[in-house]
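Reading through the structure tokens given below for one structure.
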Amino acid sequence: NIQAVLTTGPSCAGTADAVISIFAVGGLDGDLQYSIDGVNWQAENSFNVAPGVHDPAVRSADCVFENGQIFIDDIIELEIVEVEVDQPECNTSSVGQIAIFASAGEGVALDYSIDGGLTYVESNEFADLPPGQYEIAVQSPSGCVVVGETLTIETAESLTLVVGTT
């Protein structure tokens, strides 16, 4: 008899690391086998699965118990939507700025990086950046990471004033 079926969703969109755990008691010999498709059986009661429809079942030597279908939702894919780069202008500033806009669903707090994911911060805006290359990355609370393009903050061109007499 199936007592409970517990599930956890996937850690990142499109991954097959969601978990279904089936808890059961009974059977004549107490030697239960577990399945999530009614075809493949195993002694372990937990399964790593992809999002989708699954059919948890338990069998023993004398009978098979089915729980009905369980649907595991995929999570919304983490994506970098837009990146804005403000280059230094003329000789008024020697630093630039980068703003990263990303999405992983409503209300999901993301962390942002401009060093390819070595360090992350909560703010999506990076100011006072000296000239150089910056590899953007975004990380979700579950550890999913999307690495974006490498951006360059240019060196501001100097203006030279030539004063002449005529």
Side-chain angles (χ1 to χ4, degrees), residues 1-27 29-86 96-127 129 132-153:
N1 191 356
I2 294 178
Q3 299 293 308
V5 177
L6 303 177
T7 62
T8 59
S11 61
C12 298
T15 60
D17 63 352
V19 177
I20 295 176
S21 297
I22 307 168
F23 297 93
V25 295
D29 58 8
D31 191 20
L32 300 175
Q33 292 184 324
Y34 304 86
S35 175
I36 54 167
D37 61 10
V39 176
N40 300 297
W41 296 88
Q42 66 184 40
E44 181 64 38
N45 73 324
S46 290
F47 299 84
N48 286 334
V49 298
V53 177
H54 303 281
D55 300 305
V58 176
R59 75 177 178 188
S60 66
D62 62 329
C63 57
V64 173
F65 301 101
E66 295 180 357
N67 188 65
Q69 290 187 330
I70 292 193
F71 183 78
I72 296 181
D73 283 326
D74 203 354
I75 61 175
I76 295 173
E77 184 174 359
L78 172 64
E79 66 177 326
I80 296 172
V81 178
E82 183 180 354
V83 178
E84 293 178 358
V85 179
D86 291 332
Q97 298 180 24
I98 294 174
I100 305 167
F101 300 93
S103 175
E106 190 173 331
V108 177
L110 302 173
D111 292 321
Y112 303 87
S113 172
I114 56 170
D115 60 10
L118 295 175
T119 58
Y120 287 94
V121 296
E122 292 178 0
S123 175
N124 69 322
E125 296 180 356
F126 300 86
L129 298 174
Q133 292 192 327
Y134 298 90
E135 184 178 14
I136 62 171
V138 179
Q139 181 175 357
S140 71
S142 63
C144 300
V145 174
V146 172
V147 177
E149 60 188 304
T150 299
L151 306 170
T152 301
I153 298 290

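Because the structure is a prediction, the values reported are computed rather than measured. The residues of the chain are indexed from 1 along the displayed sequence.
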- Compare all side-chain heavy atoms of Ile153 with those of Ile98 and state whether any distance is below 4.5 angstrom. yes

- At their closest point, which heavy atom of Ile70 faces which heavy atom of Pro56, and how far apart are they? CD1-CG, 3.7 Å

- Does the side chain of Glu125 reach to within under 4.5 Å of the side chain of Tyr112, using non-hydrogen atoms? no

- Task: Taking the side chain as every heavy atom from C-beta outward, state whether Phe126 and Ile100 have any pair of such atoms under 4.5 Å apart.
- Result: yes

- Verify side chain to side chain contact (heavy atoms under 4.5 Å, CB included) between Asn48 and Val19, making sure each step is shown before the conclusion. CA-CA 5 Å; Asn48 286 334; Val19 177; 3.4 Å; yes

- Note on the structure: Quick note, side-chain hydrogen bond (donor to acceptor under 3.5 Å, both in side chains) partners involving residues 72-82, not counting sequence neighbours, are none

- Message: Please determine whether the number of non-hydrogen atoms from other residues, nucleotides or ligands lying under 6.0 Å from atom CD of Glu66 exceeds 12.
- Response: no

- Message: Asp37: which residues meet the side-chain hydrogen bond (donor to acceptor under 3.5 Å, both in side chains) condition with it, sequence neighbours left out?
- Response: Ser35, Asn40

- Shortest non-hydrogen separation from Gly105 to Ile76 and the atoms involved: CA-CD1, 3.7 Å

- Note on the structure: Heavy-atom closest pair (Ile72 atom, Gly9 atom, distance to 0.1 Å) is CG2-CA, 4.4 Å

- Message: Using 0.5 Å steps for rounding, measure from the CG atom of Leu151 to the CG atom of Leu129.
- Response: 10.0 Å

- Query: Considering only heavy atoms from C-beta outward, does the side chain of Leu110 approach that of Leu78 to under 4.5 Å?
  - Reply: yes

- Contacts satisfying side-chain hydrogen bond (donor to acceptor under 3.5 Å, both in side chains) that involve residues 4-15 (not counting sequence neighbours) are Ser11-Asp17, Thr15-Asp17

- Query: About how many Å separate CZ of Phe65 and OH of Tyr34, when rounded to the nearest 0.5 Å?
  - Reply: 11.0 Å

- State which residues pass side-chain contact (heavy atoms from CB on, under 4.5 Å) with Asp115; sequence neighbours excluded, sorted by chain then number. Ser113, Leu118, Thr119

- Kindly compute the distance separating CD1 (Ile75) from OG (Ser140), expressed to the nearest 0.5 Å. 6.0 Å

- Separation between CD1 of Ile2 and CG of Asn45, rounded to the nearest 0.5 Å: 11.0 Å

- Task: Can you sort out the partners of Gln33 under side-chain hydrogen bond (donor to acceptor under 3.5 Å, both in side chains), two or more places apart, ordered by chain and number?
- Result: Arg59

- Task: Could you list the residues that satisfy side-chain hydrogen bond (donor to acceptor under 3.5 Å, both in side chains) with Ser46, not counting sequence neighbours?
- Result: Ser21

- Query: Taking it one step at a time, do Tyr134 and Val83 satisfy side chain to side chain contact (heavy atoms under 4.5 Å, CB included)?
  - Reply: CA-CA 12 Å; Tyr134 298 90; Val83 178; over 6 Å; no

- Minimum heavy-atom distance Gly116-Ala137, with the two atoms named: C-CB, 4.1 Å

